[in-house]
Amino acid sequence: MRVVTLTAEDDFEGWRDAARALAGARVSPSEVVWQVGDHPADLFGDEAVLESAAPRAFRVPRAFLDLAQTVILHSDPQRFALLYTLLAGVIEAPKRIDDHADPLVRRLEEMAKAVRRDIHKMRAFVRFREIADDVGTRYIAWFEPEHHIVRTNARFFVDRFANMRWSILTPELSVHWDRATLKEGPPATKADAPEGDPVEDVWKTYYASIFNPARLKTGAMLKEMPRKYWKNMPETALVKELVAGARQRETAMVQTARTAAGGNIAGAWGALRDEAMGCTRCHLYEQATQTVFGEGPIDARMMFVGEQPGDNEDLEGHPFVGPAGQMFDRAMADAGVDRASVYVTNAVKHFKFERRGKRRIHSKPDAGEITACRWWYEQERLLLKPAMTVALGATAARQMIGKTVTITATRGRVIELAEGGKGWVTIHPSFLLRLPDKARAEDEYAMFVEDLKGAAKAL
Ligand code: URA
């Protein structure tokens, strides 16, 4: 039996180095015990055995390492062993990592998703309270994460609150930022954090975006936020007021981000994207691998909206990279529109599918899912303010216009959008992929290219 002692609960490098050596020496997963402790790593108990075995060289897919890096942060003590078991499997059969029906792959993907959600919850629900210490003002927050995410997440708070001195206290460790360096301290208790109201201005600017009036009205947000977070949030008593003012506040916040503080739209877009990564506004996040957010220059004058990410996009995390994306790229090139100069996003940002054996079959988002995702689309438009928004297909057209429309009735002409800017409707490129008749497919493709040219010209 080999005992591997990792130095911390989130010691990914330690796990990776040990796993690499063990797998290189063909040590079976059943022979390894993983533990965490602060005694120096007596790495494998019996290193001589490892050294005497001729190590094998191997490579693992990037997707495995990405998964492992996230899963390591999970609180399940079995995570190290499960990952090592999958590693042994992936060395033998690298494609196994893509088999989402494989029970072990699925289990680990579920764990990664839980970690991502916890990362989001910390970003959304941490509240700072102001104290005066001997140097000046310090902002202190108390948070109880479910997984070992604090160290990983600390960088996010440094980026967002670089000019403040702050501390986040948690039962596992505390992190302190003094505007220059990030330091770690010992575990804390809630009693170590100051009482009192959180500092409005600090969180308002950044966090107001989580107060979506639709969610508050239906109580969905209250459901989403576990009670354990509630008790740390005195401002939840203000829910009524937030409902009343939320929409104006959100809009004001995004608009402020456009103009204030150097008009840091890139920063506001990054914050929005980070938030979207933890989106639980509808049930689609449960099945999907990740949120696929929009991409492209944030000063783009044209925004293209698809339906939802497909199988490839869901795995890679980028919009329009699969077969429909290739069709889109080709048509854009033929229309003389540079894809790199436009912003590309989707009406719905999680992949909806049905499992058939090992295959994941695309399934159309319904009205509720499109509406739930409207929030992100609206925020993207508020930030980018595109002069022209092109809806690819009926789902995108519905998101853009705000009601169900047919492609035939709306295609190929300028539509003045209520919130400003022009809109344009055309077909979805995947329609072209489904046409069995070659001559018809060519005609439809030519019309699609004409539509794209028309939208660019109408700018
Ligand atoms: N189809 C879409 O609508 N969007 C994508 O990102 C990919 C395929």
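Note that this is a predicted model, so its numbers are computed, not measured. Order of appearance sets the numbers: ligands from 1, and atoms from 1 within every ligand. All heavy atoms count here, side chains included; hydrogens, waters and symmetry mates do not.
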Review point. Nearest heavy atom to atom 7 (C) of ligand 1: which of Glu313, Lys349, Glu295, His362 does it belong to?
Key: Glu313

**Study point:** Rounded distance (nearest 0.5 Å) linking atom CZ of Arg440 with atom CG of Leu435
**Key:** 5.0 Å

Check your understanding: Is the Phe293 ring parallel, tilted or perpendicular to the Trp376 ring (thresholds 30°, 60°)?
Key -> perpendicular

Review point. What atoms in ligand 1 come closer than 4.0 Å to a heavy atom of Glu307?
Key: 2 (C), 3 (O)

Practice item. Go through ligand 1 atom by atom and flag the ones less than 4.0 Å from a non-hydrogen atom of His428. Key: 1 (N), 2 (C), 3 (O)

Review point. Among all protein non-hydrogen atoms, which one is nearest to atom 4 (N) of ligand 1, and what is the separation to 0.1 Å?
Key: Asn346 OD1, 2.7 Å

Review point. Which atoms from ligand 1 have a heavy atom of Gly306 less than 4.0 Å away?
Key: 3 (O)

Check your understanding: Is there a heavy atom of His318 sitting under 4.0 angstrom from any atom of ligand 1?
Key -> no

Check your understanding: According to the interplanar angle, ranging from 0 to 90°, do the rings of Phe320 and Phe328 count as parallel (below 30°), tilted (30 to 60°) or perpendicular (above 60°)?
Key -> tilted

Exercise for review: Determine whether the side chains of His283 and Glu369 contain a donor N or O and an acceptor N or O closer than 3.5 Å.
Suggested key: yes

Exercise for review: Name the orientation class of the two ring planes belonging to Phe128 and Phe157 (parallel below 30°, tilted from 30 to 60°, perpendicular beyond 60°).
Suggested key: perpendicular

Exercise for review: Quick one: pull up OG in Ser167 and CH2 in Trp142 and give me the separation to the nearest 0.5 Å.
Suggested key: 13.0 Å

Practice item. Could you tell me whether Gln308 approaches ligand 1 through its side chain, its backbone, both or neither, with non-hydrogen atoms closer than 4.0 Å? Key: backbone

Practice item. Give yes or no for whether the N/O distance cutoff of 3.5 Å, strictly under, is met between Phe320 and ligand 1. Key: yes

